[in-house]
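First up is the structure itself, then whatever we jot down about it.
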Amino acid sequence: MTINRHRKKDGGTHLVWDLDSSLPFPCPLATYVSETIRPSFQLFSEFQRFFRVVYAPLFLRHFASDRRHMKDSEGNWTAQPPPYEPIVAEDGSVHNLNEYMEIRAADVLTDLPPELTSAVFVVSPTMASLVSSPFTLPASKADQLSSLSQKHFFLHSFLPKKINNLPNSKSSFKVKCAAIGNGLFTQTTPEVRRIVPENKNNLPTVKIVYVVLEAQYQSSLSSAVQSLNQNSNFASFEVVGYLVEELRDENTYKTFCKDLEGANIFIGSLIFVEELALKVKTAVEKERDRLDAVLVFPSMPEVMRLNKLGSFSMSQLGQSKSPFFQLFKRKKQGAGFADSMLKLLRGPDAPVIGLVLQRSHIVTGDESHYVAVIMELEAKGAKVIPIFAGGLDFSGPVERFLIDPVTKKPMVNSVVSLTGFALVGGPARQDHPRAVEALMKLDVPYIVALPLVFQTTEEWLNSTLGLHPIQVALQVALPELDGGMEPIVFAGRDPRTGKSHALHKRVEQLCTRAIKWAELKRKSKTEKKLAITVFSFPPDKGNVGTAAYLNVFASIYSVLKDLQKDGYNVEGLPETAEALIEDVIHDKEAQFNSPNLNVAYKMSIREYQNLTPYAPALEENWGKPPGNLNSDGENLLVYGKQYGNVFIGVQPTFGYEGDPMRLLFSKSASPHHGFAAYYSFVEKIFEADAVLHFGTHGSLEFMPGKQVGMSDVCYPDSLIGNIPNVYYYAANNPSEATIAKRRSYANTISYLTPPAENAGLYKGLKQLSELISSYQSLKDSGRGQQIVSSIISTARQCNLDKDVELPEEGEEISAKERDLVVGKVYSKIMEIESRLLPCGLHVIGEPPSAMEAVATLVNIAALDRPEDGISSLPSILAETVGRNIEDVYRGSDKGILKDVELLRQITEASRGAISAFVQKTTNKNGQVVDVADKLSSILGFGINEPWIQYLSNTKFYRADREKLRVLFEFLGECLKLVVADNELGSLKQALEGKYVEPGPGGDPIRNPKVLPTGKNIHALDPQAIPTTAAMQSAKIVVDRLVERQKVDNGGKYPETVALVLWGTDNIKTYGESLAQVLWMIGVRPVADTFGRVNRVEPVSLEELGRPRIDVVVNCSGVFRDLFINQMNLLDRAVKMVAELDEPVEQNYVRKHALEQAKALGIEVREAATRVFSNASGSYSSNVNLAVENSSWNDEKQLQDMYLSRKSFAFDCDAPGAGMTEKRKVFEMALSTADATFQNLDSSEISLTDVSHYFDSDPTNLVQNLRKDGKKPSAYIADTTTANAQVRTLAETVRLDARTKLLNPKWYEGMMSSGYEGVREIEKRLTNTVGWSATSGQVDNWVYEEANSTFIQDENMLSRLMNTNPNSFRKLIQTFLEANGRGYWETSEENIEKLRQLYSEVEDKIEGIDR
């Protein structure tokens, strides 16, 4: 192809493209650009023009239909059928399309024909090789397409900027359907890669079959084969290629096997998806001996072993001393490249962006998407240093070419990897520590963008899931472990040529964002602008600054003071954190009574529409702007306050919290105008250099759109725009942090949850403890019976009779029975006393004192860590007295008095030994000083070791010293991590455009590697769970659950258990709850060579020793996003079990699937659908929103919300279809449930701490669905300690109330945090009402005690009212609501007092300036 400039009569120029006649057209022209014009970047302005103005319309024209739209000699547009008809150009000359084409860009933009316009704007203009003729979409099918793709402004990525000049189409709603098809992720066909030679000379034919991961080789391979066939005198070549993903389709797989039967050579590359690798292995193995050659490049080991060439076979590899691999080590690296790179850095003004490219795209000429990124960056004034590696380790080139060898400083301001792979190891074995080491040396923001691999552009655009799950696992999750951010899809794939093409809107955004991150490195601190965004949820003045475990305003104040000291402009910052709250939450003009927050900016409707290109899309849900949210009726209001170059803004809420009808929508609606206006203000009026979202979590990342790999019509993408996003996220919530990374492009920085303490005992519980001590010393005297009577009556006053079976008062009982009663009560209060609870709220930049860290260390020490050779402290101490700790736990659970007492002694000795150890490392203020030095001196003294000194005065003085030393060395390391403080440091690094070190999120007790905080949180490789250890733990819990249910259910096994899978829990426990589901149905996971779990196998009924239990799995929206591969695994497992030929009384999955198949008239396989969640892009059942905002009428309405939002099923037989509504199957499956079940996995989050747990609880709903109307048992597994428990829901709610809401230690800890603390107390009560609403498992005394604690106590009442009157009003409202809805029966005086208080607090809020 050549490019010529032609001068026009009016003196301007236009471009003429000469197409080499050998090129097949139609094709996206851009794919050929780099083949014959090796772009010298001086010409880049022509290129820029070509891409923006010529390529996009041409591409659309090719894309829009199978017919070419051209003008005839009279200037009228014609639609000419076959692509090779002659074409009449504007001057009347006739040309063949293959030889010549002329385009004047202006004509194309302003003068597109109506037929073409309508074709451009239909839902899915599918490429020619997919479907050739359009059809009209029936209404039902339209629902299966993404709601976004149904919008008529949907093809943004391909449109040039002026597209809004195009006339609107009135054409009928036509679609060419690529997304539905066979339900798989890709509908491409290997036939486009089949070349059959004409073979006129009767030459022998060599047939080659190949299977590859991506299609980048297709074009160059095809042209090479065609060239060989034209010129060869020896043989002709028949070639057919398959993409690995196509082999999921049964028909394609059969064709593949058939092709292999006649093949001479098989070639495979990058086959890393286990289930497909096994298919390839099975097919090739049959033909291997007959084939002349099998050539497999990096793939799963089982496929690699198929390699053979002549006498060489892979099985011999490693036995021969062949010098084959030494060849690669001899290549010398020349300095020429580095020199030319240095020359690029001419002027100091331009930002410099490093690009990491994949060599295979360059050598195959499939690099137009790379060219587009380079051109876009240069067009925006940046300089570019592209690098690539010979293999899949890019760390060497990064260190060699992007870091100055002399100064060791980076030569770039940010780096974008366009490979989509982990920096070291690609899709095979990764070396994350090495990658992190290289990136820390480089120390610039690291972005990993993605080209589509398994889908064509069309398929991705139409998918509600977005990226293919395998691509998410390989190219999103793995780069995150390196600290990669911003998984933006920048290139698509043509289904016919297999070549990549740039998606221009995406490329533009990627480049702008890369430059914005680079600018943070270059701008001075005084001129940098920062928008701090806080959340208010539910919307209420008492809730501004909501974030999990975080004292938000105290933290913001601490951050701003630090930034001010560092040179940032924070002019006018108030003197205290309290004054800061006042500034933000009170409109100064209206003073205290205003329902409004402080208004920072009023945005007119016209300004809003100009600044927000996607505003029209919001009108469908919210009407014309401004609407009534964040508006005064004329303008849109942005709430917040500006101090110098820092703006503190309040993120608007979802907007439908208080509207029960909207909450019933099965799919989430769009953000409202106020929400969009907020982000338009931050980016385009305030002009923030970065936005800091403060705490866990806001609504931005949960807005509708694709799950991962968003397009430009996905709302999180539109809202965040081009602003670098830094996000403080709780370290224990890696799952939602990952959603924020992927959907709002956040650099997530972890913060510590508050230090945990033991709940302790108070009031009657403390008295009980004292009585039990007296009993133990006096039980054999004559007073034993009398003390037991006091214990029984006090236990009743404390409502422990619900948890422990107590004899009637005055009943005579034997000494043995007395011991058992006392033992059970003792066990219960020990459970309450030792429960961990986070006290107070964390402040960024204030690490815990050493003594505050003791409870955390005691819990870290309570877990065995066999993989590290560390024994737990309780097990070491139990061994000292000749006992096994597991037996002690079991005995204590049963209430055996001597075991309860021994466990108490072990617990006390553990706390004492660890306190003694920690005291030795602290100064007189209780801060840890020079941990490293102090520890090395402690660990060197043998007899003087503080823990030995402490234990020498207890019954455990003979404890194993070596085991203790190993354990305390580990605890010493943990202590260093707990008190390290990098939360502020990491924020400053991010704001200075530096690399933030990545680290896992999760529970610091299970996984101390989560510490220190201040890391860029990542989850884990989603294919790595469940681990073997998780499977072991899961078996214990499932066995206990089944036993407990048998006891409560007259000795019968539960037939069905309805349970919930959470994202964070499965990350923290490496898949324990996932493993529980597998064990219930009786299957075990099978890991591949890389330790990835993509397969399961049934466990025999003999080994299982019980029937297979049916399940109904409700996955949270976050689990669905992070673990779609595991949903696939679960669905395959359940369907496999339903099809086993076993008696139905031993296989309840099969029993129910057969009944449901018959009732619904469907196949058994479909009836065995058991894995449900929300629709793609939607989260939660909204029951929590309804409860938090009191916007519900009755429980039935809550149950309808749950059913309408949670009845979307995943189907392993059509994984590409995403989540499909299957409400009938969902209801029938739930109607068989005998038990509901959830897991608690860490001490910080319990049932009433967050609303998620009751939001996913179907207990009352199941009762309504069951034919017999019987309420299912509800259980909670508690694995927060080494002694895993299965309790009933009612027991857990009582334990929660006693240890948190009603516990002075907890509520005083909260009150010490002031304004935010009152809100935390109110939230616990609201969540308790949530449990009443969904399960009816809350005892009356819980509300009664809460009322006497917070309302009857006059001193407490006035503290609450004065500290946060808005949250106190909500607390009173919640008490009244609990009574009004029949959950709390109390005296009329109590209710009257609450009503009176309500009007007093209303007056206080509204009447201050009357």
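Computed from a predicted structure; not experimentally measured.
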Evaluation steps, side chain to side chain contact (heavy atoms under 4.5 Å, CB included), between F535 and V552 | CA-CA 10 Å; F535 314 118; V552 171; over 6 Å; no
For D1268, the option from K1271, K1270, R1266 that meets salt bridge (charged side-chain N to carboxylate O under 4.0 Å, His left out) | R1266
Between the main-chain N or O of N1355 and the side-chain N or O of D1353, is there a donor-acceptor pair closer than 3.5 Å?
-> yes
Tell me, do T1280 and L836 make a side-chain contact under 4.5 Å, heavy atoms counted?
-> no
CZ of R1395 to CG of N1390, rounded to nearest 0.5 Å, is 11.5 Å
State, with a plain yes or no, whether a side-chain heavy atom of T1232 is found less than 4.5 Å away from one of E1055.
-> no
Heavy-atom side-chain contact between I1109 and P1054 under 4.5 Å | yes
In plain terms, say whether E901 and R904 are close enough for a salt bridge, that is, a side-chain N and a carboxylate O under 4.0 Å apart.
-> yes
Between N1327 (side chain) and G1330 (backbone), is there a donor-acceptor pair under 3.5 Å?
-> no
Candidates D1255, D1257, T1334, N1174 - the one meeting side-chain hydrogen bond (donor to acceptor under 3.5 Å, both in side chains) with S1181 | D1255
Working for salt bridge (charged side-chain N to carboxylate O under 4.0 Å, His left out), residues R890 and D893 | CA-CA 5 Å; R890 291 295 74 73; D893 291 346; 3.4 Å; yes
Do NZ/NE/NH1/NH2 and the carboxylate oxygens of K1300 and E1320 come within less than 4.0 Å?
-> no
Could you walk me through whether K802 and D1339 pass salt bridge (charged side-chain N to carboxylate O under 4.0 Å, His left out), step by step?
-> CA-CA 9 Å; K802 308 277 192 306; D1339 299 326; 5.2 Å; no
Look at the side chain of D1403 and the backbone N and O of E1400, then say whether any donor-acceptor pair between them is shorter than 3.5 Å.
-> no
Full working for side-chain hydrogen bond (donor to acceptor under 3.5 Å, both in side chains) between Y549 and N733 | CA-CA 11 Å; Y549 319 105; N733 193 345; over 6 Å; no
Apply the side chain to side chain contact (heavy atoms under 4.5 Å, CB included) test between V821 and each candidate in V804, L806, L897; give the one that qualifies.
-> L806
Could you tell me the separation between the CD atom of E1227 and the OG atom of S1231, rounded to the nearest 0.5 Å?
-> 8.5 Å
Indicate yes or no: at least one non-hydrogen side-chain atom of S1073 is less than 4.5 angstrom from one of W1062.
-> no
Hey, do the aromatic rings of F1350 and Y1307 have their centres closer than 6.0 Å?
-> yes
Give a yes or no on whether a salt bridge exists between R1287 and E831, defined as a side-chain N under 4.0 angstrom from a carboxylate O.
-> yes
Under 4.5 Å between any side-chain heavy atoms of K1206 and F1172, yes or no?
-> no
State whether the side chain of T1292 and the backbone N or O of T1288 hold a donor-acceptor pair below 3.5 Å, judged by distance alone.
-> yes
Contact check, side chains of L1325 and Y1343, non-hydrogen atoms, under 4.5 Å = yes
What is the distance from atom NZ of K1404 to atom OG of S1399, rounded to the nearest 0.5 Å?
-> 14.0 Å
Is there side-chain contact between H1252 and S1116, with at least one heavy-atom pair below 4.5 Å?
-> no
Rounded to the nearest 0.5 Å, what separation is found between the CG atom of N1362 and the CG atom of L1360?
-> 9.5 Å
Is there a salt bridge (charged side-chain N to carboxylate O under 4.0 Å, His left out) between E1322 and R1319 once you walk through the steps?
-> CA-CA 5 Å; E1322 173 270 307; R1319 180 179 64 227; over 6 Å; no
Check against side chain to side chain contact (heavy atoms under 4.5 Å, CB included), I1372 and F1368 | CA-CA 6 Å; I1372 298 167; F1368 181 59; 3.4 Å; yes
Test item: I791 and I772 side chains (from C-beta on) under 4.5 Å apart, heavy atoms | yes
Pairwise distance CD1(I832) to CG(L800) - rounded to 0.5 angstrom | 5.5 Å
Audit row: N1239, Q1076, side-chain hydrogen bond (donor to acceptor under 3.5 Å, both in side chains) steps and yes/no | CA-CA 10 Å; N1239 281 281; Q1076 288 164 1; 2.8 Å; yes
Considering all heavy atoms of both residues, which atom of S834 and which atom of N758 are nearest to each other, and what is their separation?
-> O-ND2, 3.1 Å
Considering all heavy atoms of both residues, which atom of S892 and which atom of S827 are nearest to each other, and what is their separation?
-> O-OG, 3.0 Å
Taken to the nearest 0.5 Å, the spacing of M1361 CE from S1367 OG works out to 13.0 Å
Specify whether W1331 and F1254 have parallel, tilted or perpendicular ring planes, treating 30° as the upper limit for parallel and 60° as the lower limit for perpendicular.
-> perpendicular
Start with the C-alpha distance between T1259 and Q1337, add both sets of side-chain angles, then the distance that settles side-chain hydrogen bond (donor to acceptor under 3.5 Å, both in side chains), and finish with yes or no.
-> CA-CA 9 Å; T1259 307; Q1337 304 278 310; over 6 Å; no
Please answer whether the main-chain N or O of A1333 pairs with a side-chain N or O of N1260 as donor and acceptor at a distance below 3.5 Å.
-> yes
